[in-house]
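Take a look at the structure set out below.
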Amino acid sequence: QQQVKQSPQSLIVQKGGISIINCAYENTAFDYFPWYQQFPGKGPALLIAIRPDVSEKKEGRFTISFNKSAKQFSLHIMDSQPGDSATYFCAARNTGFQKLVFGTGTRLLVSP
Amino acid sequence: DGGITQSPKYLFRKEGQNVTLSCEQNLNHDAMYWYRQDPGQGLRLIYYSQIVNDFQKGDIAEGYSVSREKKESFPLTVTSAQKNPTAFYLCASKDGGNQETQYFGPGTRLLVL
C-alpha cells in the first residue's frame with residue numbers, strides 16, 4: 001500500500017503552543033520520511049526528515065517522532081509562531097524507488 | 001544563484017489547447033519530477049525522470065507528456081486529453097544515487113478559460 005495518511009486536515013494553535021501533525025503508513029519498505037513546509041503560492045521546502053532507525057530527530061523548534069512498530073510518525077512544532085502558519089506535508093520514500101509518496105497536507109494557523 | 005525555475009507563474013488554457021510548462025534547474029541534479037497539487041489532495045506525481053532521455057509515468061500521467069532532452073530541463077505538456085487541468089503544478093529535482101532531498105520550484109498555476 002503506497003499511501004501515507006495525514007491528520008488533521010487543519011489546525012489552529014495559539015502563539016507559543018505546540019502544533020502536532022500525525023502521519024501513518026502501511027508499507028514497511030518505506031525508508032525515509034521527510035516533512036515539507038509550504039507557504040501560499042510557493043513550492044514546498046524540506047523542513048526536517050528522519051530514517052526509521054531513529055525514534056526522534058530535533059532541529060530547533062521542530063521535532064519528528066517516529067514509531068516504527070506502529071508505522072506512525074509525527075511533527076511537533078514547539079513554541080509555535082505566526083510565521084509557522086503554512087501547509088505541512090509528510091512524505092515517505094520506498095526503498096529502491098526514487099520517488100516520494102505525500103500525505104494530503106495539514107493547514108496550520110498560529111494565532112497571535 | 002542555484003535553484004529551480006518554473007515559468008510562467010500563471011498560465012491560461014483554452015478548450016482543446018495544448019500548453020507547455022517550463023522547468024529548468026542549475027543544480028546539476030540527475031532526477032526531475034512533476035507534481036500536480038489540488039486542494040485537499042496533496043501532491044500527486046505526474047512524471048519523473050532519473051536521467052536524460054529517460055522518464056517514467058507517475059500516478060496520474062494520463063493527459064500529460066514530458067521530454068528530457070537536457071539534464072537541466074524537464075518541460076511538461078498538458079494536452080487537450082487532460083479534462084481537468086486546473087491545478088498548481090510543481091517541478092522538483094534531486095541529486096542522483098541515494099541522495100534523498102527533493103527541491104521544489106515555485107510552481108505554475110494553470111487555469112482554464
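Residue numbers begin at 1 in each chain, while the letters A, B, ... track the order of the sequences.
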**Asked** Is it true that A:I48 and A:V110 fall in one hydrophobic cluster, defined by side-chain heavy atoms closer than 4.5 Å?
**Response** yes
**Asked** Which pair of heavy atoms, one from B:Q102 and one from A:K99, lies closest together, and at what distance?
**Response** NE2-CA, 4.2 Å
**Prompt:** Would you find more than 12 non-hydrogen atoms of other residues, nucleotides or ligands less than 6.0 Å from B:E62 atom CD?
**Reply:** no
**Message:** Same cluster or not: A:L100 versus B:I4, using hydrophobic residues (I, L, V, M, F, W, Y) connected whenever any side-chain heavy atoms lie under 4.5 Å apart?
**Reply:** no
**Sequence-distant partners of A:F66, ring pair (Phe, Tyr, Trp, His ring centres under 6.0 Å), two or more places apart** = A:F33
**Item:** Neighbours of chain A found in residues 5-20 of chain B - heavy atoms under 4.5 Å
**Value:** none
**Asked** Do any of residues 66-78 of chain B have a heavy atom less than 4.5 Å from a heavy atom of chain A, and if so, which, in residue order?
**Response** none
**Asked** Can you find a pair of side-chain heavy atoms, one from B:T101 and one from A:Y32, that are under 4.5 Å apart?
**Response** yes
**Message:** Tell me whether B:L110 shares a hydrophobic cluster with B:W34, the cluster being built from Ile, Leu, Val, Met, Phe, Trp, Tyr side chains joined at under 4.5 Å.
**Reply:** yes
**Request:** Treat each ILVMFWY residue as a node, draw an edge where side-chain heavy atoms are under 4.5 Å apart, and state whether B:F104 and A:L47 are in one component.
**Result:** no
**Item:** Over 12 foreign heavy atoms within 6.0 Å of OH, B:Y64
**Value:** yes
**Prompt:** Quick check: are there more than 12 heavy atoms from other residues, nucleotides or ligands sitting under 6.0 Å from CG of A:L109?
**Reply:** yes
**Message:** At a 4.5 Å cut-off on heavy atoms, which part of B:Q37 comes close to chain A: side chain, backbone, both, or neither?
**Reply:** side chain
**Partner set under salt bridge (Lys or Arg N to Asp or Glu O under 4.0 Å) for B:D38, not counting sequence neighbours** = B:R36, B:R44
**Part of A:Q38 lying under 4.5 Å from any heavy atom of chain B** = side chain
**Asked** So do the side chains of B:Q41 and A:F102 get within less than 4.5 Å of each other, counting heavy atoms only?
**Response** no
**Request:** Kindly give the heavy-atom pair with the smallest separation between B:L90 and A:P44, and that separation in Å.
**Result:** CD1-CD, 3.7 Å
**Prompt:** Do you reckon B:L21 sits in the same ILVMFWY cluster as B:Y47, going by side-chain contacts under 4.5 Å, direct or chained?
**Reply:** yes
